[in-house]
Amino acid sequence: MPEGDTVHQAARRLHAALAGHTLTRSDLRVPKLALSDLTNRTVLDVTPRGKHLLTRVEGGLTLHSHLGMEGSWRLYTPAERWRGGPAHQIRAILATAERTAVGYRLPVLELLRTTDEHRAVGHLGPDLLGPDWDPEQALRNLRATPERSLGEALLDQRNLAGIGNVYKSEACFLLGVTPWLPVGELPEETAARIPALAKKLLEANRNRPARMTTGVDAPGRRLYVYGRAPRPCLRCGTRVRKAEQGDPTRRRPTYWCPTCQQGPTP
């Protein structure tokens, strides 16, 4: 599941493969971009912003993509077989003489003037892995809606950019509170820990192939609660629980330990 750490990894790979090279093929497979062609333009850079990717090309254009829940960018050499999914799931192809980047299942793909990037990412809060990271602002953003559940507040990219469903559940576990606890009911010292904890989790995983929050790099033990229901909690042995959280259009599976975490539950 793409979150801020995996998006930064994707940006790093794409930048290394494409930046400084001229596109020999451009195929953007969404209706509104069907006639757009970036061929013969040089890729300038690929920059992550939260869970968004900004691929800038000469001529003042930016290809904005978002991986959503299942999207990915895959890189191939000219002789390699593409293995990211069936052809009908391909939304973008950007190729140079040496590498081909293929975007699969991208829910968002748009071409912008680089000067208009704010239209795509200007609403985002401080980026946990970006140069604009501001822990004080992130905490103010979270506290602005004290009645909102912590889990939903953490997922709101307008508060802080980069946290997804995995880190939401893991952060709440490490804070010792359930994802349904209203932000305004968090103890002062617990709320103050959120920005540093969130950044620590993403920083620790920005270069890891497999996400880990427990410090134990072994299958089935890398995460405290996410994906573990109904197996026992790694800390206390109580069975981990799972429930949906969020409004009906954006419900997400959420995991917690009923013993280690305090607060309301469904």
Side-chain angles (χ1 to χ4, degrees), residues 1-20 23 26 28-38 41-73 91-92 94 101 103 105-145 148 152-165 167-168 194-195 198-199 202-203 206 246-247 249-250:
M1 182 181 299
E3 303 198 18
D5 54 345
T6 50
V7 172
H8 274 250
Q9 291 175 20
R12 191 162 58 244
R13 290 192 297 269
L14 290 169
H15 181 85
L18 303 179
L23 294 174
S26 163
L28 306 178
R29 299 181 180 181
V30 296
K32 63 183 177 181
L33 299 180
L35 300 180
S36 299
D37 187 5
L38 301 177
R41 296 176 187 260
T42 298
V43 177
L44 303 179
D45 65 77
V46 182
T47 298
R49 180 72 173 85
K51 294 194 280 185
H52 301 250
L53 284 167
L54 303 171
T55 302
R56 301 179 179 122
V57 299
E58 69 175 341
L61 295 176
T62 295
L63 184 66
H64 165 232
S65 60
H66 191 288
L67 302 183
M69 297 289 286
E70 299 179 348
S72 68
W73 279 95
R91 297 292 176 266
L94 299 175
R105 300 172 297 278
L106 303 174
V108 175
L109 189 70
E110 59 179 341
L111 194 60
L112 307 166
R113 290 286 178 188
T114 300
T115 53
D116 291 336
E117 286 180 358
H118 63 275
R119 287 171 38 202
V121 297
H123 66 288
L124 298 175
D127 186 341
L128 282 154
L129 295 178
D132 71 323
W133 173 240
D134 183 340
E136 289 78 16
Q137 184 60 53
L139 186 57
R140 284 194 293 271
N141 292 345
L142 289 168
R143 284 174 161 166
T145 51
R148 198 174 192 188
E152 291 186 77
L154 288 173
L155 282 184
D156 190 336
Q157 303 299 292
R158 296 170 298 181
N159 291 332
L160 65 172
I163 288 184
N165 210 38
Y167 288 122
K168 174 196 79 172
I194 295 174
K199 185 170 181 61
L202 268 71
E203 284 280 7
R206 68 185 305 167
D247 66 67
T249 63
R250 295 180 59 83

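What you see below is based on every heavy atom in this structure, not just the backbone, and it leaves out hydrogens, waters and symmetry mates.
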Worksheet item: To the nearest 0.5 Å, what is the distance between NE2 (His15) and CG (Leu44)?
Response: 9.5 Å
Practice prompt. Determine, for Glu117 against Arg56, whether the closest basic-nitrogen to carboxylate-oxygen distance falls under 4.0 angstrom.
Written response: yes
Worksheet item: To the nearest 0.5 Å, what is the distance between CG (Leu160) and CG (Asp127)?
Response: 9.5 Å
Worksheet, complete the sentence: Output for pair (Met69 CE, Asn165 CG), nearest 0.5 Å, gives 6.0 Å
Discussion item. Using every non-hydrogen atom in the two residues, find where Leu124 and Ala161 come nearest and quote the distance to one decimal.
Written reply: CB-CB, 4.3 Å
Discussion item. Within the structure provided, determine whether Leu94 and Trp73 are in side-chain contact (heavy-atom separation under 4.5 Å).
Written reply: yes
Worksheet item: Is any side-chain heavy atom of Ser72 closer than 4.5 Å to a side-chain heavy atom of Arg105?
Response: yes
Discussion item. For the CZ atom on Arg158, are there more than 12 heavy atoms of other groups (residues, nucleotides or ligands in this structure) within a distance under 6.0 Å?
Written reply: no
Worksheet item: Which pair of non-hydrogen atoms, one from Ala101 and one from Leu14, has the smallest distance, and what is that distance?
Response: CB-CD2, 3.7 Å
Worksheet item: So, Gln9 versus Arg12: side-chain donor-acceptor pair below 3.5 Å or not?
Response: no
Worksheet item: Does Gln137 offer a backbone N or O that forms a donor-acceptor pair with the side chain of Asp134 under 3.5 Å?
Response: yes
Worksheet item: Relative to the ring of His64, is the ring of His52 parallel (under 30°), tilted (30 to 60°) or perpendicular (over 60°)?
Response: parallel
Item to complete: Measure the CG-CG distance between Leu35 and Asp37 for me, rounded to the nearest 0.5 Å.
Response: 10.0 Å
Worksheet item: Hey, does Leu154 have a side-chain heavy atom less than 4.5 Å from the side chain of Ile194?
Response: yes
Item to complete: Could you tell me whether Glu58 atom CD has more than 12 heavy atoms of other residues or ligands within 6.0 Å of it?
Response: yes
Worksheet entry | OG-CG distance between Ser26 and Leu111, expressed to the nearest 0.5 angstrom | 8.5 Å
Worksheet entry | Heavy-atom closest pair, residues Gly164 and Leu155 | C-CD2, 3.3 Å
Discussion item. For Leu129 versus Asp5, what's the shortest heavy-atom pair and its separation?
Written reply: CD1-CA, 3.9 Å
Practice prompt. Identify the heavy atoms of Ile163 and Ala198 that sit nearest to each other, and give their distance.
Written response: CD1-CB, 3.7 Å
Item to complete: Check the surroundings of atom CZ in Arg113: do more than 12 heavy atoms from other residues, nucleotides or ligands lie under 6.0 Å from it?
Response: no
Worksheet entry | Any Val7 side-chain heavy atom under 4.5 Å of Leu53 side chain | yes
Worksheet item: Roughly how far apart are Trp133 CH2 and Leu128 CG, rounded to 0.5 Å?
Response: 4.0 Å
Fill in: Residue pair Asp132 / Pro126: nearest heavy atoms and the distance that separates them
OD2-CA, 3.6 Å
Practice prompt. Kindly determine whether Leu63 and Leu109 satisfy side-chain contact (heavy atoms from CB on, under 4.5 Å), including the steps that lead there.
Written response: CA-CA 7 Å; Leu63 184 66; Leu109 189 70; 3.8 Å; yes
Discussion item. Any side-chain to backbone donor/acceptor pair from Thr62 onto Leu54? Under 3.5 Å, distance only.
Written reply: no
Discussion item. Quick one, Leu106 and Leu67 - any side-chain contact, counting heavy atoms below 4.5 Å?
Written reply: yes
